[in-house]
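Down below is the structure, laid out as structure tokens.
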Amino acid sequence: MSSHHIVRDDQEPALIIANGASCNMELLGQLLEWSPLVIVLDSAMERVLELGIKVDVLLGDFDRGFDPNYYKEKQFPLEIVHTPDQNKTDLEKAFDYLIERKIPAVNVVWATGKRADHTITNITNITRYREVLKIVVLDDHSKIFLLPKKFEKWYPANTPISLIPIGNVTGIHSKNLFYPLENDALTIGYRTGSSNHVATDGLVSITHSHGDLLLMECWD
């Protein structure tokens with residue numbers, strides 16, 4: 001896969017490649033084409049090199065004898081960011097790096113699949129970045145992001161949509177969903193908004209009063 005350097009504008013979303021299950025090459029290629037910055041977590045670097053992807057930043061704790069300098073010539077110029085803090089995941093540390101650089105948005109791939117604990121942590125931890133970074137997690141079957149208090153987007157009829165609360169979410173109202181929500185509450189482990197879908201072509205509106213609510217655009 002060729003270099004991603006088609007755009008160079010930090011207003012475009014950066015791309016983080018984690019180390020979960022791979023996504024399809026078409027999706028990865030589309031994201032690379034529009035990403036001004038590609039960050040790879042150390043555990044995924046060999047897999048990324050095999051695909052011929054140009055990397056801008058290699059980030060991680062570099063444990064288990066990992067030698068980041070080995071990749072300098074292969075990926076010149078390459079910024080190496082050592083993040084030894086064991087109280088955060090490497091993905092969280094990549095988010096912190098983007099915030100420090102004042103990059104406002106990021107797409108994340110290879111963050112789901114493989115280990116369930118990593119998948120759950122990667123998805124739920126995006127809530128803490130609500131005010132400082134727009135995060136979208138993508139794989140071959142879903143696009144996952146945190147909803148603002150008021151959300152509107154145009155969708156084709158029958159688009160599968162799931163609303164997943166992180167903890168408890170109250171005061172939820174929706175328009176143009178097949179299973180409408182009217183001042184409803186969702187609580188993880190008890191009641192979620194999984195497997196809903198868009199009623200008709202047009203705008204979907206979702207508002208909520210309190211809590212963190214994830215939207216998942218899903219496809220099989």
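The shown structure was predicted, so the numbers you read here are calculated from the model rather than taken from an experiment. Hydrogens, waters and symmetry mates are skipped; everything else that's a heavy atom, side chains included, is used.
In terms of heavy atoms, Val137 sits closest to Ala111 at CG1-CB, 4.2 Å. The two atoms that bring Pro68 and Ile80 nearest to each other are O-CD1, 3.5 Å, heavy atoms only. Shown here for Ala21 and Gly113, the closest heavy-atom pair between the two residues is CB-CA, 3.9 Å. Taking all atoms of both residues into account, the shortest heavy-atom contact from Thr83 to Leu59 is OG1-CD2, 3.8 Å. The shortest heavy-atom contact between Ile17 and Trp110 is CG2-CE3, 3.3 Å. Contact between Leu37 and Ile103 at its shortest, heavy atoms only, is CD2-CD1, 3.6 Å.
Atom CD of residue Glu26 and atom CG of residue Leu31 lie 10.5 Å apart, to the nearest 0.5 angstrom. Note that the CD1 atom of Ile166 and the CG atom of Leu214 stand 4.0 Å from one another [nearest 0.5 Å]. Atom CG in Asp63 sits 6.5 Å away from atom CG in Asp42 (nearest 0.5 Å). To the nearest 0.5 angstrom, Ile172 atom CD1 is 11.5 Å from His210 atom NE2. Note: Asp61 CG to Asp85 CG = 9.5 Å, rounded to the nearest 0.5 Å. Note that CZ of Arg115 is 11.0 Å distant from CG of Asn122, once rounded to the nearest 0.5 Å.
A 4.5 Å side-chain heavy-atom check between Asn19 and Asp90 finds every atom pair outside the cut-off. In this structure, the side chains of Ile16 and Asn107 stay at 4.5 Å or more apart for every pair of heavy atoms. Under the 4.5 Å side-chain criterion, counting only non-hydrogen atoms from C-beta, Leu91 is in contact with Leu41. With a 4.5 Å cut-off on side-chain heavy atoms, Leu146 and Thr127 count as touching. By the 4.5 Å heavy-atom criterion applied to side chains, Leu58 and Val81 are not counted as neighbours. By the 4.5 Å heavy-atom criterion applied to side chains, His197 and Leu177 are not counted as neighbours. A 4.5 Å side-chain heavy-atom check between Leu186 and Ile164 finds every atom pair outside the cut-off. Ile126 is not listed as a side-chain neighbour of Phe145, based on a closest heavy-atom distance of 4.5 Å or more.
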Review item, side-chain donor-acceptor pairs of residues 187-196, under 3.5 Å, at least two apart:
from	atom 1	to	atom 2	distance (Å)
Thr187	OG1	Asn168	ND2	2.6
Arg191	NH1	Asp184	OD1	3.3
Arg191	NH1	Ala185	O	3.2
Asn196	OD1	Phe178	N	3.4
Asn196	OD1	Tyr179	N	3.0
Asn196	ND2	Tyr179	O	2.8

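Annotation: ring-ring contact (aromatic ring centres under 6.0 Å, His included) contacts involving residues 48-70, sequence neighbours excluded, comprise Phe62-Phe66, Phe62-His82, Phe66-Tyr71. For residues 200-209, the pairs satisfying side chain to side chain donor-acceptor pair (under 3.5 Å) are Asn176-Thr200, with sequence neighbours left out. Under the side chain to side chain donor-acceptor pair (under 3.5 Å) criterion, the residue pairs touching residues 133-142 are Asn24-Asp140, Thr112-Asp139, Asp139-Ser142, with sequence neighbours excluded.
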Next on the checklist: Test side-chain contact (heavy atoms from CB on, under 4.5 Å) on Lys153 and Val204; report intermediate values, then the result.
Outcome noted: CA-CA 5 Å; Lys153 183 177 176 180; Val204 168; 5.7 Å; no

Item to check | Pair Val38-Lys54, side-chain contact (heavy atoms from CB on, under 4.5 Å): steps then yes or no | outcome: CA-CA 8 Å; Val38 175; Lys54 176 65 184 78; over 6 Å; no

Checklist entry - Step by step, would you call Ile120 with Ile123 a side-chain contact (heavy atoms from CB on, under 4.5 Å)? => result CA-CA 5 Å; Ile120 293 170; Ile123 291 173; over 6 Å; no

Checklist entry - Checking side-chain contact (heavy atoms from CB on, under 4.5 Å) for the pair Leu15/Val106: CA distance, chi angles, key distance, verdict? => result CA-CA 6 Å; Leu15 178 65; Val106 61; 5.8 Å; no

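No side-chain donor-acceptor contact under 3.5 Å links Glu182 to the backbone of Pro180. Distance alone, capped at 3.5 Å, places no donor-acceptor pair between the Thr159 side chain and the Tyr155 backbone.
Applying the side-chain hydrogen bond (donor to acceptor under 3.5 Å, both in side chains) test to Lys143 and every residue at least two apart in sequence or in another chain returns nothing. In this view, Asn125 and Glu92, Thr121, Arg128 satisfy the side chain to side chain contact (heavy atoms under 4.5 Å, CB included) rule, not counting sequence neighbours. Residues satisfying the side-chain hydrogen bond (donor to acceptor under 3.5 Å, both in side chains) test with Glu152, not counting sequence neighbours, are none. When the side-chain hydrogen bond (donor to acceptor under 3.5 Å, both in side chains) test is applied to Asn183, no partner is found at least two apart in sequence or on another chain. Residues meeting the salt bridge (charged side-chain N to carboxylate O under 4.0 Å, His left out) test with Asp67, sequence neighbours left out: none. For Tyr97, the side-chain hydrogen bond (donor to acceptor under 3.5 Å, both in side chains) partners two or more places apart in sequence, or in a different chain, are Glu79, Arg101. Every salt bridge (charged side-chain N to carboxylate O under 4.0 Å, His left out) that Arg130 has, sequence neighbours left out, goes to Asp212.
A chain of hydrophobic side-chain contacts below 4.5 Å, direct or via other Ile, Leu, Val, Met, Phe, Trp or Tyr residues, connects Ile53 to Met25.
Under a cut-off of 6.0 angstrom, the local environment of NZ in Lys72 is sparse, with at most 12 non-hydrogen atoms contributed by other residues, nucleotides or ligands.
A salt bridge does not link Glu100 with Lys93: none of the charged nitrogens is closer than 4.0 Å to a carboxylate oxygen.
Here Trp154 sits in one hydrophobic cluster together with Leu203; the rule is ILVMFWY side chains under 4.5 Å apart, joined directly or through other members.
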